[in-house]
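To keep things clear, I will list the structure first and then write my remarks on it.
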Amino acid sequence: MAAERVLVPLSDTVTVRQTVGYAARSGLESGDSLECHLVVALPYDGDMPEGQRQYDEAEALLARAENWVEEDIGSADVTIKTTILGTDEYLFGPRDYAEIFRTYVDDHAIDRVVLDPEYSPGVTAPMLQPLERELDRVGVAYDEAPVDRPARHQRLRSHTESFDRLFAMFCISYGFFLVLGDPTYWFDLATGAAVAGIVSVSLAHVTFTIPLDRVQSPLRTVRFVCYIPYLLWEIVKANLAVSAVILRPSMPIKPSLTRVNTRVRSGIPLLALANSITLTPGTLTVRANDQQLLVHTLIPSAREDLFDGGLERAIRFVFYGRESAAIASPRERDDAEIVGGDEL
């Protein structure tokens, strides 16, 4: 009888040990021998600053998982293969993970994928359900490991961490308010402070889902300051383009809906990109889901700018650094498509 081939995507969760054990035992029940493929899919490109740390952690997790399989199988006939995926590409949302798993399944004739219910590859929350939908879409058979989940207890936040989040949210909101208003007018200064205070108290703990990086945050602030003139220039260009179209007697307006699979992570980076697109005349972000944006464009040039990905690269520069800004545009990645409108 041919060996049962099982693929187990790993992330460092409280249930990963149980998932590996279940995969080994259930695989042996299906055949006389087992070929267990343990993989870690890295969420970042290896050239990015956090890439080496992610790679080292992935190797350590694979080594532990290999030991777990050997502990569980005893003298059974099992072949263990370990692989790190995503070292030469960017993996951001469930769609990217499903595609890379499908490629691995096809290349290695995998019979079944065993998923950890808490699977969370470098992101801030489990992504099992959206990943399952994407695996269904690409036709990959999977099995969710039946694990005992421990009770979830929210980590107590220190006063310092809470203050950091409130202060960061206040500065971001206040700065954004003054960009849109008049920083020399006392009324805008007072109103902006009040609005920023309300926003920081209401949304700081929702927006910052992970502790602030005390090294990276000041650098991101500097890069954000550099980003503001670029955004203003894009707004000016878009205003001129829309005005030129409106002033023409024929008014060549061609509205359309465009879906863009962005290469920024969800949370503040995606929020910043979605709002930057909305601030640019001629484009309006209708929906943001994971790393996917649904954008309404009014004129063809606005849609072309969206496809070229200038704002996306700028946001990547703000949050991830200069190296990560060197990424292909949505057009080059084939990550943008028209889903509705006159030009569909």
Side-chain angles (χ1 to χ4, degrees), residues 168-185 187-189 191-196 198-200 202-203 206-208 220-247 253-320 325 327 329-331 335-336 338 341:
M169 192 72 241
F170 178 86
C171 291
I172 293 172
S173 302
Y174 196 34
F176 190 73
F177 188 94
L178 294 181
V179 167
L180 300 179
D182 183 358
T184 63
Y185 183 37
F187 182 78
D188 282 0
L189 292 172
T191 304
V195 171
I198 295 173
V199 170
S200 61
S202 303
L203 301 178
V206 177
T207 303
F208 298 106
R220 288 172 181 165
T221 302
V222 173
R223 293 196 293 260
F224 180 75
V225 172
C226 297
Y227 169 69
I228 291 176
Y230 173 79
L231 176 61
L232 294 176
W233 171 240
E234 291 295 318
I235 292 174
V236 170
K237 288 197 305 180
N239 267 299
L240 294 175
V242 172
S243 299
V245 169
I246 293 176
L247 293 175
I253 296 175
K254 295 182 179 180
S256 64
L257 278 177
T258 301
R259 183 185 295 117
V260 182
N261 188 39
T262 67
R263 286 300 189 264
V264 298
R265 299 205 65 80
S266 58
I268 288 185
L270 188 67
L271 176 66
L273 177 58
N275 280 293
S276 297
I277 291 173
T278 298
L279 284 173
T280 307
T283 54
L284 173 67
T285 303
V286 179
R287 186 174 66 228
N289 183 21
D290 292 325
Q291 281 73 47
Q292 194 175 87
L293 297 179
L294 186 63
V295 181
H296 180 273
T297 58
L298 187 64
I299 57 178
S301 63
R303 185 175 61 255
E304 294 302 313
D305 288 343
L306 188 66
F307 282 23
D308 290 337
L311 285 174
E312 179 184 313
R313 283 192 293 270
I315 291 296
R316 286 187 59 81
F317 166 74
V318 171
F319 288 95
Y320 311 123
I327 182 175
S329 67
R331 189 198 312 277
D335 266 342
I338 301 173

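Hydrogens, waters and symmetry mates are skipped; everything else that's a heavy atom, side chains included, is used. Keep in mind that what you see is a predicted model, and the values were worked out from it rather than measured.
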Quick one: [atom1] on [X] to [atom2] on [Y], what's the gap to the nearest 0.5 Å?
| X | Y | atom1 | atom2 | value |
| --- | --- | --- | --- | --- |
| S301 | L240 | OG | CG | 10.5 Å |
| T258 | F307 | OG1 | CZ | 4.5 Å |
| R263 | R316 | CZ | CZ | 9.0 Å |
| F224 | F176 | CZ | CZ | 7.5 Å |
| I315 | N275 | CD1 | CG | 9.5 Å |

Does any non-hydrogen side-chain atom of [Y] lie less than 4.5 Å from one of [X]?
| X | Y | value |
| --- | --- | --- |
| P330 | N261 | no |
| N239 | T280 | no |
| V295 | T278 | no |
| L298 | T283 | no |
| L293 | L273 | yes |
| L232 | V236 | no |
| Y230 | V318 | no |
| K237 | W233 | yes |

*Output, in order, the C-alpha distance, side-chain angles, deciding distance and verdict of side-chain contact (heavy atoms from CB on, under 4.5 Å) for L257 and I338.*
CA-CA 6 Å; L257 278 177; I338 301 173; over 6 Å; no
*Quick one: do L311 and Y227 satisfy side-chain contact (heavy atoms from CB on, under 4.5 Å)? Show the steps, please.*
CA-CA 10 Å; L311 285 174; Y227 169 69; 3.7 Å; yes
Any idea which heavy atoms bring [X] and [Y] closest together, and the distance?
| X | Y | answer |
| --- | --- | --- |
| A193 | F170 | O-CE1, 3.5 Å |
| V199 | S173 | CG1-OG, 3.2 Å |
| K254 | R303 | O-NH1, 4.1 Å |

Main chain of [Y], side chain of [X]: is a donor-acceptor contact present, judged purely on distance under 3.5 Å?
| X | Y | value |
| --- | --- | --- |
| D188 | P183 | no |
| R313 | D308 | yes |
| T285 | I277 | no |

_Before you tell me yes or no, could you show the steps for S256 and T297 under side chain to side chain donor-acceptor pair (under 3.5 Å), namely the whole-Å CA-CA distance, both residues' side-chain angles and the distance that decides it to 0.1 Å?_
CA-CA 5 Å; S256 64; T297 58; 2.9 Å; yes
_What verdict does the side chain to side chain donor-acceptor pair (under 3.5 Å) test give for S200 and Y174, after you've listed the backbone C-alpha separation in whole Å, the side-chain angles of each residue and the deciding distance to 0.1 Å?_
CA-CA 10 Å; S200 61; Y174 196 34; over 6 Å; no
*More than 12 foreign heavy atoms under 6.0 Å from CZ of R331: is that the case here?*
yes
*Salt bridge R259-D335, side-chain N to carboxylate O under 4.0 Å*: no
